[in-house]
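Please read the structure below before turning to the comments.
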Amino acid sequence: MKISKLTLAIATVLGAGVTSGAFAMDLYVDTKTKQIYAEPGRGRELMGSFEKVDNAPAKAEKLDKAEIKAIREDLALKENAIKALQEHKEESTGPSSVNVKLNDKGIQFETADKNFNFRLGGRIHADASYSMDDNLVTKGTTTHVEANDGTEIRRGRMEFLGTFYKDWEFKSQVDFADNSVSVKDMFVQYNGLKVASLPLAITFGSQKQAFSRELQESSNDMMFMERSLMNTLNEPTVDRAIGLNVATLNKNWTGQVGIYGDTVTANTSNTTADEGWSVNSRWTAAPINEKTKVIHLGVAGNYRAPNAAGSVNDKALSYSYETSHMSNLKVLDTHAITNINNIKMVGLEANGLYGPFTVGGEYTHTWLDRENGGSNLAFDGWYGEASWTITGESRKYKAGKFYKVDPAKNFSFKNGGLGAWELAARYAEADLSDGNVRGGQMSNLTVALNWYVNKNIRFMADYNKVLEVKESAVTTRDGGKPDNLDTFMVRGQLAF
């Protein structure tokens with residue numbers, strides 16, 4: 001709005017109904033509130049000098065047609081002036097006006113019309129682990145191997161999220177853990193389309209594929225420091241990849257279908273250059289979905305063809321299990337599996353939440369179709385878990401995923417708050433032996449104690465025990481099974 005337009009509007013309004021002689025008045029505008037004042041003050045700028053004039057006839061005893069017409073025109077002019085003032089107010093608080101917030105979700109910027117927003121987030125997971133009874137050797141050799149005890153930055157991520165024109169969202173997530181840089185999520189999502197009244201989210205870029213609740217959920221929300229033994233089947237095949245996903249995320253059910261290529265790692269070959277690809281889908285239903293009562297059911301399927309070099313997601317396909325992320329001790333290991341024609345997978349999910357209690361689990365079955373004389377293979381894995389929030393809070397559920405506990409009262413020495421305390425246990429099995437591939441079979445137990453200091457800070461302690469293992473990649477020095485392998489892990493977490 002130009003000042004001349006605003007000046008004309010104010011002058012017109014001031015000219016209403018004055019029956020005395022003309023006089024001048026200085027007017028000032030508050031640069032923040034946009035209110036108009038007759039006196040100078042802090043934060044006010046001079047708009048100019050305005051003059052009241054006498055527009056009304058001295059006597060209104062009898063008006064001729066010309067005078068009535070003039071009054072009507074005068075009223076119309078005043079109405080237009082009021083509209084001009086309103087337009088000025090709307091423009092002054094429009095997209096150029098940005099609201100800034102800093103809270104538990106990080107730093108956020110949003111325009112007044114909510115068309116654009118930006119948020120900076122991140123996470124730090126600082127871990128330490130210690131293993132017992134790990135004086136082992138590689139199977140069939142005398143080569144000594146043991147778990148790596150010590151500390152690491154498990155995750156150190158920065159997130160950039162935002163919205164353009166309300167319907168277009170983006171997310172860029174970069175990890176600096178292991179003293180290197182890797183791209184995690186990097187996608188654009190369109191949310192402005194409905195089909196048969198169902199909202200659709202169309203996502204393209206690097207993202208998690210549509211398979212497994214455990215894999216879909218953020219590491220910030222997991223009850224345990226690491227995903228289950230079953231994830232040895234999922235991570236090599238259905239973790240992040242570049243692709244297109246179409247999803248409808250409703251309160252009581254969700255569905256998504258995606259087609260993907262390989263990861264963000266560039267293919268530098270010009271002899272075996274063609275990428276692999278996959279199609280997968282995940283559907284969930286929540287027949288009971290209340291704040292403290294949830295029944296969750298899910299099913300997922302995946303089909304993947306390797307790239308021209310026979311790799312899956314830019315790596316030679318192998319399934320293995322480490323006792324912890326930093327231990328480098330692989331108890332199960334198929335080593336590289338070659339001559340892969342395609343991979344087919346199915347996953348089942350079931351979970352329940354009742355107040356501070358949760359119980360649930362997942363199952364994954366994988367079929368490997370091989371060529372060039374390689375025998376077909378089948379592997380599977382599953383887990384069951386349960387948790388109890390000792391302080392009474394409930395986990396949260398939304399659109400087919402569970403989220404961490406938020407404490408009812410933050411920990412504070414001054415105010416006496418304890419935060420939230422959670423106890424969880426998980427039993428898992430995986431079978432990676434079939435045909436001429438003997439990756440091993442194993443079961444383990446994990447017990448966790450989590451302390452949620454507030455919405456952003458969490459401390460975790462896990463105890464992981466190998467219960468039974470067959471055909472392990474490692475043995476004791478006398479050739480025995482590493483059945484009594486114990487691992488203790490702790491984590492300090494900041495997420496915003």
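Reckoned from all heavy atoms, side chains included, excluding hydrogens, waters and symmetry mates.
- Between the side chains of N444 and N464, at least one donor N or O lies within less than 3.5 Å of an accepting N or O.
- A 4.5 Å side-chain heavy-atom check between K401 and T284 finds every atom pair outside the cut-off.
- Put simply, the side chain of I242 does not reach to within 4.5 Å of the side chain of E275, judged on heavy atoms.
- Take R157 and apply the salt bridge (Lys or Arg N to Asp or Glu O under 4.0 Å) test, not counting sequence neighbours, and it matches D175.
- Under a cut-off of 6.0 angstrom, the local environment of CG in N179 is sparse, with at most 12 non-hydrogen atoms contributed by other residues, nucleotides or ligands.
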Go through it in stages, so that I can follow the logic: the residues are F116 and W168, the test is ring pair (Phe, Tyr, Trp, His ring centres under 6.0 Å), and I'd like the CA-CA distance, side-chain angles, deciding distance and then a yes or no.
CA-CA 9 Å; F116 306 91; W168 294 91; over 10 Å; no

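- In summary, the aromatic rings of F379 and Y319 are positioned with their centroids under 6.0 Å apart.
- The existence of a salt bridge linking R395 and E422 is confirmed by a sub-4.0 Å separation between a basic side-chain nitrogen and an acidic carboxylate oxygen.
- Side-chain contact between V331 and T323 is present, with heavy atoms from C-beta onward closer than 4.5 Å.
- Taking the ring centroids of W421 and F459, they lie at or beyond the 6.0 Å cut-off.
- Within the structure, the salt bridge (charged side-chain N to carboxylate O under 4.0 Å, His left out) test picks out no pair touching residues 354-369 (sequence neighbours left out).
- A donor atom on one side chain and an acceptor atom on the other are not found under 3.5 Å apart for R154 and H125.
- In this structure, R426 forms a cation-pi arrangement with F224, its terminal cationic atom sitting closer than 6.0 Å to the ring centre and no more than 45° off the ring axis.
- Side-chain atoms of Q189 do not come within 3.5 Å of backbone N or O of I202 as any donor-acceptor pair.
- The side-chain heavy atoms of T232 and M230, taken from C-beta on, include no pair separated by under 4.5 Å.
- Between V453 and R458, every side-chain heavy-atom pair lies at or beyond the 4.5 Å cut-off.
- When all heavy atoms of K470 and E468 are compared, the pair lying nearest together is CE-OE2, 3.4 Å.
- The number of heavy atoms from other shown groups lying within 6.0 Å of OH (Y303) is above 12.
- Under the ring-ring contact (aromatic ring centres under 6.0 Å, His included) test applied with H296, the options W283, W253, Y397 reduce to a single match, Y397.
- The CG atom of L485 sits 11.5 Å away from atom CD of E146, with the distance rounded to the nearest 0.5 Å.
- Salt bridge status for R304 with D262: present, with a side-chain N to carboxylate O gap under 4.0 Å.
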